[in-house]
Structures are given as C-alpha cells and as structure tokens.
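Start at 1 and go down the list; that is how both ligands and their atoms are numbered. This structure is a prediction, so every number in the text was calculated from the model and none was measured. Position 1 is the first residue of the sequence; numbering continues from there.
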Amino acid sequence: MKFMRVVCAVLLCAAFVGAQNQAGEPKANTPAPSVQEERPRTPEGPPTPMTTPGTIEKQPLHVLPYSPSLDLTAMDRSADPCADFYQYTCGGWLKNNPMPPDQAAWSVYGKLQHENEQFLWGILDEASRTNPKLDAVQQKIGDYFAACMDESAVEKLGASPLKPMLDRIAGLKSIADIPDFLAQAHLASQGSGLMFGFGSNQDYGDASQVIAFASAGGLGLPDRDYYTKTDAKMQETRRRYEQHVQRMLELLGDTPQQAAAGAKVVMRMETALAQASLTRAERRDPYKLYHKFSSAQLASLTPEFQWSRYLSASGIGDVKSINVTEPEFFKAMAAQLKTEPLDNWRRYLRWHVVHEKAPYLSHNFVDEDFSFYRKYLRGVAEQQPRWKRCVHYVDRDLGEALGQEFVRRTFPSKTKADVLRMTEFIEQAMADEIEKLDWMTPATKQQALVKLNAIRNKIGYPDKWRDYSSVEVKSGDFVGDVSRATIFESRRQLNKIGKPLDRTEWDMTPPTVNAYYNPQMNDMNFPAGVLQPPLYDSKLDDAPNYGNTGGTIGHELTHGFDDEGRQFDAAGDLKDWWTKQDADAFEQRVQCVRDQYAQYVIVDDIKINSKLTSGEDVADLGGTLLAYLAWKKASAGQSLESRDGLTPDQRFFVGYAQWACENQRAENLRVSAITNPHSPGKYRVNGIVSDLPEFQKAFGCKPNQPMVNAKQCKVW
Ligand SMILES: [Zn+2]
C-alpha cells in the first residue's frame, strides 16, 4: 500500500500516474515508483562490451557498456536539421535499434535501463552464490534474487501462496468485515487496485508534517478513461479485459460459468468506481486532491465502511486527519457497499488479489497476465526473461540495498561533484532568466527566487541507506518474500504518519534511469542510474553533456514553477504566491505551448492531449534554454572548437536531442496517449527546437522551414 508523492519525473509522473509495473499493471500510485569506495567505471577489468545493434545481450555484465553522449552513428546526416531535427539526430539510432520483442518501446533511456539491469544482474548473480565473504546487505539481495530465480519452486507452489488470502475472502461473514480484511491485504500489496489506496504523504497545507492519505483506486485497467470512453477500440479493450478477468478466475478454480459471471461483476463495479474518479488532467490540480477529514468526518462520509476497523487493523489506530484525495470516489465506493451483495465483493476482491500477485506465481498466471497487459494492451511480442523481472523486483523491493552495490561500482565522487556544479550553473541561469522576465511582477519574482534558492539538489544516492535487516527472505517462498518486503515498506510509510518530515528521503532507487522534482519536498533528484553514458558522459566535453543531462536538470528545475509546481511555495506548502496578473500571464504563455502540441499526431488519428502534457512540454522547452544559457556561462572565455563537422552550438543541440531517440509500438503509443503526461520523443525534440531561436541560428534555419514555428512559444 505504498502511496504517491507528488513527483514529476522526466519520463514518468509517479504521483498522478500509476507507476507502470513491467510485469502487470496498473500498480497505480506506487512511488516511482522510483553509494563509498569508488571505482572508475571502465579502466580495469575486461574490455568494454559493445552492444550489437538490434540485439539484447543475454549475459550478466560486470562492466557497463559505453556509448558516447554525442553519438555520430545515431545521426542521419542526410536529413535536413531544419526540416526534421529528430530524424537528423536520431535517424541512425532508430535504424540501428529495432524494438526487442520483449519491449513496448525502445529508447535511449530504455536501452540504458536495460544495460543497467544487466549490470545489476551481474551484481545479483554474484551475491546469490554461496560465498562467506558476502556482507549482510549483499546476502539479502542475493537471497531475494535467488528465490525469484528459483522457477521450479515457484511452479511447484502454483496458486497455493494465495490460499490464505482467498480463504479469508471466502470467510467474510458480512460487508462489515471488509475493512479488517482490506487493511491486512493493503499492507501486503503494492498499488491501489484493491478498492482504494492508503498510505502517508506530506500535508499539502504544511509540508513539514506527514499525514494519512486515502486515494482513489480500485481499477484493473490503466486509467479511468478506459471505462468511460465509448469509441470502438475502447469497447473492444473492455471486452478483452473482461475475458482476461474470467480466465484469471478460472485459474483460481472457478468454473467457466462462475468466472464469466465474476468478470461481469468486476467490470460493473470497477466502472462505477471509474465514473466517480477524477481524470488524469484534473488530478494535476492539487487543490482538487486536498480534503482533510478527521476520522469521525470520514466515517460519516462513508457510513458503510467502518474506518475505525480499517485503521485499527492497519496497526495505526486513530489518526488526527486523513487527506481524502477524491471524496466523490469514496462516496461511490460506499454506495456500492450498500448495493452490491457480499458475494459480488468476494468476486471483486478475489480478482484483485490474484491480479496483484500474478507476476510472482506459476507460469500460467504470469502468462495470462502478460498476454493481456503487455501483449494486447502494449503490443509486446515476448515476455521479459526471468532474470530481468527478478532484477526489477529486487530493485523495487530492496532498492537501496541493491543501490549501494550499484553506486560503489559506477558512480565516482567526481561525477557527483561535476553534476552538482552543472546543476548550480543551471539554477543560476534560471535566476537570471527570472530577473529578466517581462511578464512577471517584481513581487512574484522575489518569491520565485526564494523558492529557487531553497531547492535541494540530490545527486546520485541518499546520504543514509535504508536498513532492510528486518525483512525476512526465505528460499523457496518468493511470493512470501515479496509480501514481507511489501509489508516492511507499507509499515515504514504508515509509521511516518503524525511525525515531522524526513527531507533526505528519495522516491527513486539509485540505479533508476530517470529523475524527478518533488514540489512538496522542493527537491530535485538525479539517481546515479541516469548519470551514466550516453546521458551523462564524463569522457566528453560540456556541450553534449549540458545539452543532455543539463537539459534534464533544467527540465526538473522548471517543474518547480509549472502548472503544478508553482502552486507550492519554497517550503513545499500548497500556497498561492503568484499575483493574479502573473498567473494569467503565465497561463497565456502555457496556452501557446498547448496549442502548438495539440497539433501533433501520436498514432493514427490520435493527437497529443496537450492539457495532460503541457507541464512536461513547458519543462522541456524551459529546461533546454536554461541548459543552453548555463553552458554559455560555464564555457565563457574558453575557445570551443568544431568537431566532426559540428559547431559547439550544434553539438549542444545534437546532445540534447539524442536523449530522446525512441522506437515505439503503435499499441503502446495508444496507451501513452491516455496515460503519459510526456509527449512522444519526436515532439520532445522537434516541438522544442522549433520554438528556440538559439537552435535556428545554430543550424542556419530559414523562417519558412518546419523547425521554425511562425509563433514561437516561450515561458521561461
Ligand atoms: Zn517532467
């Protein structure tokens, strides 16, 4: 029962979007998700392996592969940069990196993630062998990985690990018993699929305090829109989903008739919950998610659900206040507790229990889960190999233990210091830009600078490692291991309620290839995993590194001031510090970006929902400009030379664009169009450069060319 934080990542907004679990989804509201003896990365050991284009390496790695942050082979220099800059910078990459059969999308980020995983596999493979020299942390991650890799033990157990939970569902005597069951089930489950999500988070009104949060959830499809849209494709998807639910219930031993009836009930109940849920675009507004209730008030909001029983079974007893993110959702849930008979609730709960645990069960469950969520919904041809799924589970469940090993091997203190310096230059560039803005009043500027100065820069890994010593890992009991690790994390989250905030915490693990800004913490977080080549390349000069990693830093920085972030002040409190005049001027500029992106086609006739993506689009635009300005300042007085036929400015922009190269399946693009607040890579490049005179000058683009917008948008 992990709970969301308001976190916006460069690739995925974890707060408002269900984290996408590769083995089954949606595991909504999971935090992103989401190091010191240092050793240089490459000089020692075997020669650096090269990734063969289009193939996925199948062995554990002991050294990370290297590709430069400006990769000439990724370019297509036959393309005109002023006609299609994405093709010019990424054309070679797109050709050389066909989609692996187990992927829904394949990108520079995804490929680096894959290489990191192979490297983590190397660490875990070593740690899972008997070796008296392993320390306690290495032993724990090794044992967890070994239990996951022990496929024959998993197969032998079949569905039996679910039996205690299913027996409890069968044994429910009345609707009034549901809260006790649910509290226990929530402790052992990730995400908010079981009726709703419950956990802890900072109080929107007072960021220094942690309070309980109850959030909307209860769905099996990736978004509420899947239940409400009426087009033919969505109707087909709902039919396929119902068949999937039916097959899963059959795997639990239901007859086909029972299972079909069960699937119909699940669909009806989830549809009612979806209809009462806010849309993803609405959830970008924190005021819509802030409703503090005392437990007595909550009891009267939903008399059919006894919160006192739920809270006491959760082990937290009474709490002073609970933020109910979507009261209408809870009313709809309570209405169903009145109208749906106990037997239907049993069906609903059985489905969600098996859905949640399916990825860890025997192959018949894993395959059925894959065939709907990955194959049908996202167009993925093949299941990921077991080692990869197991690496993912260790990273997710014991991430700061595995992260220690990753950091020790890949993240020298010099990289940390260099990235911190780059971050400071970019923050200075933002301060200079804010002072110069012609649309912001002096009072608001002053507040913006206070907020900017208060941002905490977290680079690489947390100062203090999480201690997992109380998590028991048993060989031959992988489902149990996942449950115990999940209960550990749930209790850790619940224990924060009523206590002051720990500002040193991270929401992403160190090997993660992603980054985020959290407005309530007012911090930027760049895990060691995202500071590796080809994203950050200590072997290359500043131009491509500022373009690439610098662009990401600028991106995260502007999130502090975007449609979500600007509503929080320097301390992280939800407080409006903008004058109306400034807010209107800001909105007007964002609208320019919205209108621009609304024209871009994602797949077939589906265009970008720029109401959902504008926060990210504005971050891309502002972030690139800030990185450019910072680079200019950092390199002032240096004589920069052209290389490989590219001027320094051109190298900055090629470096920028090459983070975004990606191939995507059409099916995955369809899911993204609904759930992803980021635009596809092509527009994260072309949409940005066509608004930047600095780019157009660097490549000598003419006013009537495609990479020169007639109306150039600028926010920051
Ligand atoms: Zn972002």
- Please determine if the Zn ion (ligand 1) has an N/O/S atom from Glu556 lying under 2.8 Å away. no

- Query: N/O/S atom of His678 under 2.8 Å from the Zn ion (ligand 1), yes or no?
  - Reply: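 No N, O or S atom of His678 is closer than 2.8 Å to the Zn ion (ligand 1), so no.
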
- Task: Establish, for the pair Lys575 and Phe568, whether the NZ or CZ atom is under 6.0 angstrom from the six-membered ring centre and no further than 45 degrees off its axis.
- Result: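 Verdict for Phe568: no cation-pi partner in Lys575.
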
- Message: Determine whether a donor-acceptor pair (N or O, by modelled atom type, separation under 3.5 Å) exists between the side chain of Gln696 and the backbone of Val689.
- Response: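 Yes, Gln696 side chain to Val689 backbone: donor-acceptor pair under 3.5 Å.
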
- Ring centroid separation Tyr628 to Phe695 under 6.0 Å: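 No.
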
- State the atom name: nearest N, O or S atom of Glu616 to the Zn ion (ligand 1).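 This residue's closest N, O or S atom turns out to be OE1.
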
- Cation over ring face, Lys416 and Tyr461, 6.0 Å, 45°: yes

